[in-house]
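Presented below is the structure to which this report refers.
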Protein chains: 2
Amino acid sequence: MDEIDELLSIRAAELYYEENKTQDEIGQALRLTRWKVGRLLAQAKQQGFIRIEILHPRARRLPIERRLRDERGLADAVVVSSAGVTSAEELQARTAQAAADYLTSLRPVPRTLGVSWGRTLFEISQHLRNGWASGVNVVQINGGVSLNRRPGTAAATAVGIAQKAGGSATLLPSPAILERLETKHAIEADRVVAGVIDLARSADAYLFSAGAADHTSVHVESGYLSESDVDLLVAKGAVGDVVGRYIDSDGNIVDPALDARTVGLTLDELRAASLGVAVIAGRAKHAVADAVVRSGLCSVLVTDEATALHLLDG
Amino acid sequence: MDEIDELLSIRAAELYYEENKTQDEIGQALRLTRWKVGRLLAQAKQQGFIRIEILHPRARRLPIERRLRDERGLADAVVVSSAGVTSAEELQARTAQAAADYLTSLRPVPRTLGVSWGRTLFEISQHLRNGWASGVNVVQINGGVSLNRRPGTAAATAVGIAQKAGGSATLLPSPAILERLETKHAIEADRVVAGVIDLARSADAYLFSAGAADHTSVHVESGYLSESDVDLLVAKGAVGDVVGRYIDSDGNIVDPALDARTVGLTLDELRAASLGVAVIAGRAKHAVADAVVRSGLCSVLVTDEATALHLLDG
DNA sequence: GCGGATCGTGCTCATATGAGCAGCATCGGG
DNA sequence: CCCGATGCTGCTCATATGAGCACGATCCGC
């Protein structure tokens with residue numbers, strides 16, 4: 001397109017989009033035929049001079065979702081728009097809302113839903129509406145008794161999701177990570193715990209998030225790991241955790257010994273699931289999100305625009 | 001619009017604008033009639049959920065131009081888009097380009113064009129194309145012999161504009177501001193000077209900018225005023241200058257004594273012109289721009305989006 | 001200078017969209 | 001409980017837009 005056509009296409013776009021003239025009227029104004037105007041507008045669009053944004057907290061970015069499906073092999077993806085977002089909290093809220101919406105629209109409705117816990121999951125539970133489904137049994141897929149602060153959020157999350165669906169929750173009565181391997185084996189040998197884990201393995205769908213490998217992690221907050229433990233994991237290449245298990249950028253377990261002391265579904269079990277919905281948002285989680293998607297830990301990803309673009313460009 | 005319709009309108013907008021589906025297809029996807037979809041889209045637009053931007057250095061904001069004409073009584077207005085502008089220089093360049101475009105498209109082509117001088121005018125002269133008009137006589141409307149730095153830009157501006165139009169330039173051989181009133185009278189009495197000013201009074205159109213009342217002013221740079229002179233003018237309420245004459249926010253002369261020593265057209269002569277094009281852009285000039293428009297110094301304004309919005313909101 | 005290839009143009013025709021209207025549901029006052 | 005007012009729905013019809021095509025201009029190699 002030459003200079004003169006480029007300028008004309010801008011003039012045409014102004015009249016078309018800002019003054020909502022018809023292409024015919026624009027043609028008269030600029031002394032062009034309406035077909036020429038149509039072509040100019042098409043070119044302006046195609047060259048990216050026209051930017052159309054949907055400004056709404058619930059807005060999604062369908063073209064990016066499509067690319068995630070096509071280029072990253074995901075079964076499905078939900079990407080919330082970052083347009084107009086000012087704080088990390090707002091982004092987190094939008095993503096949680098989108099995850100809640102996705103869960104609500106799932107067909108067939110899962111009879112058993114395995115869930116992890118953490119800030120993201122808790123927020124999703126709060127964004128779900130009463131009656132989002134009926135008769136869903138929610139089961140925890142990893143250990144989650146908080147040790148110090150915010151006791152019970154893990155339980156509150158699962159129970160909240162279940163109650164709002166008019167179903168029941170099955171809690172995993174175990175710490176996330178145990179200090180000694182023997183204790184972990186003993187806990188797993190417990191009839192109740194073993195039963196819950198079996199139930200978790202049989203879930204129709206899983207909903208989980210991922211944590212960044214830094215000091216803000218819920219595992220540090222909950223007392224399962226110390227800040228220096230996390231530093232050590234980072235030194236070994238950890239980018240974050242999924243259901244309490246720390247992985248590197250290829251999705252491999254960073255510290256097998258630690259992993260062996262972690263209660264709940266293994267990552268391979270999660271990978272084998274037919275429907276695993278990961279909800280991961282925010283700048284801090286770009287690296288984990290990448291690892292999760294690359295290593296096939298989820299089949300569905302709910303995320304924000306910036307994280308999605310990171311996955312696609314990287 | 002209730003919550004559910006709002007959400008639907010967002011979903012519809014996503015499919016319509018991002019996936020370019022037809023309203024009918026969207027209807028099928030969302031189980032709505034195509035009329036409902038059309039109404040949802042109209043609502044989304046009307047409620048401002050859809051934002052269409054034209055991203056191009058030459059893009060204008062026609063709705064704002066219309067408001068300037070309607071609400072501020074201008075005969076015409078040109079507002080350049082600020083979208084994607086990163087520096088003040090870029091904004092200045094866009095505005096100068098727009099002014100050059102406006103001048104080029106002026107019908108009837110002015111036979112005599114009165115111009116001021118300064119950074120903005122110089123930039124406009126550079127953005128004009130060779131042959132932008134034919135046979136325009138350009139005449140300076142205020143004194144403009146630079147005293148120290150950048151000698152000759154005032155002359156270069158007028159000559160440049162004239163040459164590119166295949167016409168001639170008539171320079172006003174006088175300083176902008178004289179130190180003594182007597183000298184000013186003497187200069188004005190000079191046959192050549194008086195002739196130029198008479199010619200300037202008879203111009204068909206005027207093109208001028210405005211300066212901010214601060215130390216970056218060309219009058220300081222050129223040595224006509226000291227920094228403390230400007231401080232004094234500001235203390236008296238000056239917001240900026242037009243053709244070397246400092247005005248307050250109502251467009252009144254701030255310092256009549258200084259004004260009497262300033263050579264060139266008076267503001268009242270400028271106000272009486274049938275076509276006066278003011279080109280004013282940038283954050284620093286919001287206040288002068290306001291004064292110029294309020295007091296009717298120009299009939300046409302070329303400016304940037306932010307300045308225009310300032311004029312409309314204030 | 002000639003003939004083919006290429007491109008842009010303005011048409012025809014099919015499709016998509018918007019305006020306006022009659023029918024129906026919903027709501028609140030009598 | 002009834003009835004008119006209100007607002008939403010899905011239609012008809014007019015208009016705006018897009019797809020595809022035939023024509024003529026322009027460019028380039030021979």
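Computed over heavy atoms, backbone and side chain alike; hydrogens, waters and symmetry mates excluded. It should be emphasised that the depicted structure is a prediction, and the values quoted were computed from it without experimental measurement.
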Enumerate donor-acceptor pairs with a distance under 3.5 Å from any side-chain N or O in residues 99-108 of chain B to protein atoms, sequence neighbours excluded.
{"unit_1": "Asp101(B)", "atom_1": "OD1", "unit_2": "Arg58(B)", "atom_2": "NH2", "d": "3.3"}
{"unit_1": "Asp101(B)", "atom_1": "OD2", "unit_2": "Arg58(B)", "atom_2": "NE", "d": "3.2"}
{"unit_1": "Asp101(B)", "atom_1": "OD2", "unit_2": "Arg58(B)", "atom_2": "NH2", "d": "3.3"}
{"unit_1": "Tyr102(B)", "atom_1": "OH", "unit_2": "Asp76(B)", "atom_2": "OD2", "d": "3.1"}
{"unit_1": "Thr104(B)", "atom_1": "OG1", "unit_2": "Ala100(B)", "atom_2": "O", "d": "2.7"}
{"unit_1": "Ser105(B)", "atom_1": "OG", "unit_2": "Asp101(B)", "atom_2": "O", "d": "3.3"}
{"unit_1": "Ser105(B)", "atom_1": "OG", "unit_2": "Tyr102(B)", "atom_2": "O", "d": "3.0"}
{"unit_1": "Arg107(B)", "atom_1": "NH2", "unit_2": "Thr104(B)", "atom_2": "O", "d": "2.8"}

Please tabulate, for the side chains in residues 128-139 of chain B, all donor-acceptor contacts under 3.5 angstrom to protein atoms that are two or more places apart in sequence or on a different chain.
{"unit_1": "Trp132(B)", "atom_1": "NE1", "unit_2": "Ile161(B)", "atom_2": "O", "d": "3.1"}
{"unit_1": "Asn137(B)", "atom_1": "OD1", "unit_2": "Ser168(B)", "atom_2": "OG", "d": "3.1"}
{"unit_1": "Asn137(B)", "atom_1": "OD1", "unit_2": "Thr170(B)", "atom_2": "OG1", "d": "3.4"}

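Residue pairs that meet the salt bridge (charged side-chain N to carboxylate O under 4.0 Å, His left out) test with at least one member in residues 35-46 of chain B, sequence neighbours left out, are Asp5(B)-Lys36(B).
Looking at residues two or more places apart in sequence or on another chain, you find no side chain to side chain donor-acceptor pair (under 3.5 Å) involving Gln23(A). Not counting sequence neighbours, the partners of Ala210(B) by the side-chain contact (heavy atoms from CB on, under 4.5 Å) test are Val242(B), Ile280(B), Val288(B), Val292(B). Scanning for side chain to side chain donor-acceptor pair (under 3.5 Å) contacts around Glu19(B) gives Arg66(A), with sequence neighbours left out. In this structure, the side chain to side chain donor-acceptor pair (under 3.5 Å) partners of Glu65(A), at least two apart in sequence or on a different chain, are Arg60(A).
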Show the distances under 3.5 angstrom between N or O atoms of the protein and N or O atoms of nucleotides 13-17 of chain C.
{"unit_1": "dT17(C)", "atom_1": "OP1", "unit_2": "Tyr16(B)", "atom_2": "OH", "d": "3.0"}
{"unit_1": "dT17(C)", "atom_1": "OP2", "unit_2": "Gln23(B)", "atom_2": "N", "d": "2.8"}

Nucleotide N/O of nucleotides 22-27 of chain D paired with protein N/O under 3.5 Å:
none

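Judged by atom type and distance alone, Arg39(B) reaches the base of dG10(D) through a side-chain donor-acceptor pair under 3.5 Å.
Across Gly114(B) and Ala203(B), no two heavy atoms sit closer than the pair N-CB, 3.7 Å.
Per the geometry, CD1 belonging to Ile4(A) stands 15 Å off P belonging to dG8(C), to the nearest Å. Taking atom CG of residue Leu40(B) and atom P of nucleotide dG18(C), one finds them 12 Å apart after rounding to whole Å. Counting to the nearest Å, the C1' atom of dC7(C) and the CG atom of Asp5(A) are 13 Å from each other. dT9(C) atom C1' lies 15 Å from atom CG of Leu8(A), rounded to whole Å.
Side-chain nitrogen and oxygen atoms of Lys36(B) include at least one within less than 4.0 Å of the OP1 or OP2 phosphate oxygen of dT9(D).
Looking at which nucleotide of DNA chain D each of Leu41(A) and Leu32(B) is closest to, the 5′-most match is held by Leu32(B).
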